[in-house]
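Below you'll find the structure, written out as structure tokens, and then a few comments.
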Amino acid sequence: MPFSTLICRGWTATRFASARCAWLAIAVLATESVTAEVLSEAQIKAAFLYNFTRFVEWPEEAFAAPHDPLVIGVLGESALTEDLRSIVAGRKINGRAIVVRNVENESDAAATQVLFVSAAGDARLGALHDSLADRAVLTVGESSAFASAGGVISFVEHAGKLRFEINTAAAARARVKVSAELQKLATAVRSAP
């Protein structure tokens, strides 16, 4: 089965079925292979990022207009950008199209609802911190220092597989609501500042 079909196209009958399908896709992606195709870490992270958007709520003021797209920004060089663009193409979250953009500066970062910070972009996160302070942005990172820098979701390796941790204090500061379902799937839920 091709990678693009793993994100459960057409499963929209109920929210429950859609949620089960999304997490089934993540479980499949987090395993070692899908048929003969071995997925890269970037493909798995891209699938996680898309699915995070399905289980997070943003305040109304996070969007300038009712039909503005949900913007996923990528800070720093990352192999997942094209995989993420492929996954979100034609998809919507709560009636909003999803777009993926590269983030180069404070203005770019402030115009996102999700900001993925690659390990290469970690050093630049501190400079963007002030511009994000009053914005409802779900920050997701992949370095071990990301959570201590105030990130909301951090990718971690656990038992040889890619997993994630959630910092609920950082989510509250960012004014994003991470669903209980997503928190249950995390390897750790922290409420540290």
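Quick note: numbers below take in every heavy atom, side chains included, and nothing from hydrogens, waters or symmetry partners.
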Anything under 3.5 Å between a donor and an acceptor, one on a side chain of residues 59-76, the other on a protein residue two or more places apart or in another chain? List them.
unit_1: Asp68; atom_1: OD2; unit_2: Ala64; atom_2: N; d: 3.3
unit_1: Asp68; atom_1: OD2; unit_2: Ala65; atom_2: N; d: 3.0

Discussion item. Test your reading of the model: is there a side-chain donor-acceptor pair from Thr168 to the backbone of Arg190, 3.5 Å cut-off?
Written reply: yes
Discussion item. When you compare the side chain of Val117 with that of Phe146, does any pair of heavy atoms fall below 4.5 Å?
Written reply: yes
Worksheet entry | Arg173 CZ to Asp134 CG distance, which is reported to the nearest 0.5 Å | 14.0 Å
Please set out all donor-acceptor pairs under 3.5 angstrom arising from side-chain atoms of residues 100-108, sequence neighbours excluded.
unit_1: Asn105; atom_1: OD1; unit_2: Ser107; atom_2: N; d: 3.1
unit_1: Asn105; atom_1: OD1; unit_2: Asp108; atom_2: N; d: 2.8
unit_1: Asp108; atom_1: OD2; unit_2: Glu104; atom_2: N; d: 2.9

Worksheet entry | Side-chain heavy atoms of Phe48 within contact of Leu162, under 4.5 Å | yes
Worksheet item: When clusters are formed by joining ILVMFWY residues with side-chain heavy atoms under 4.5 Å apart, either directly or through shared neighbours, do Val137 and Val99 land in the same one?
Response: no
Worksheet entry | pair Ile153-Ile166: side-chain heavy atoms closer than 4.5 Å | yes
Discussion item. Quick test of your reading: applying salt bridge (charged side-chain N to carboxylate O under 4.0 Å, His left out), list the pairs with at least one residue in residues 40-50, sequence neighbours left out, ordered by first then second residue.
Written reply: Glu41-Lys45, Lys45-Glu142
Worksheet item: Ala171 and Val178: which non-hydrogen atoms are nearest, and at how many Å?
Response: CB-CG2, 4.0 Å
Practice prompt. Look up atom CZ in Arg175 and atom CZ in Arg135, then write down how far apart they are to the nearest 0.5 Å.
Written response: 8.5 Å
Discussion item. If you compare all heavy atoms of Ala109 against all heavy atoms of Leu115, which two are closest, and at what distance to 0.1 Å?
Written reply: CB-CD2, 4.3 Å
Discussion item. Nearest 0.5 Å, please: how far is CG in Leu138 from OG1 in Thr112?
Written reply: 9.0 Å
Worksheet item: Distance from Leu84 atom CG to Gln43 atom CD, nearest 0.5 Å?
Response: 12.0 Å
Item to complete: Check whether any side-chain heavy atom of Ile93 sits under 4.5 Å from a side-chain heavy atom of Tyr50, and report yes or no.
Response: yes
Worksheet item: Does the side chain of Phe164 reach to within under 4.5 Å of the side chain of Val140, using non-hydrogen atoms?
Response: no
Worksheet entry | Test item: Ser78 side-chain N/O and Thr81 main-chain N/O as donor-acceptor pair under 3.5 Å | no
Worksheet entry | Check ion pair Glu181-Lys184 (N to O, under 4.0 angstrom) | no
Worksheet, complete the sentence: All heavy atoms of Asn167 vs all of Gly151, minimum pair found to be CB-O, 3.5 Å
Fill in: Between CZ on residue Arg85 and CD1 on residue Ile87, distance to nearest 0.5 Å
12.5 Å
Discussion item. Please report the interatomic distance CG(Leu49) to CG(Leu80), rounded to the nearest 0.5 Å.
Written reply: 6.0 Å
Worksheet entry | Within one Ile-Leu-Val-Met-Phe-Trp-Tyr cluster: Val156 and Phe52, side-chain cutoff 4.5 Å | no
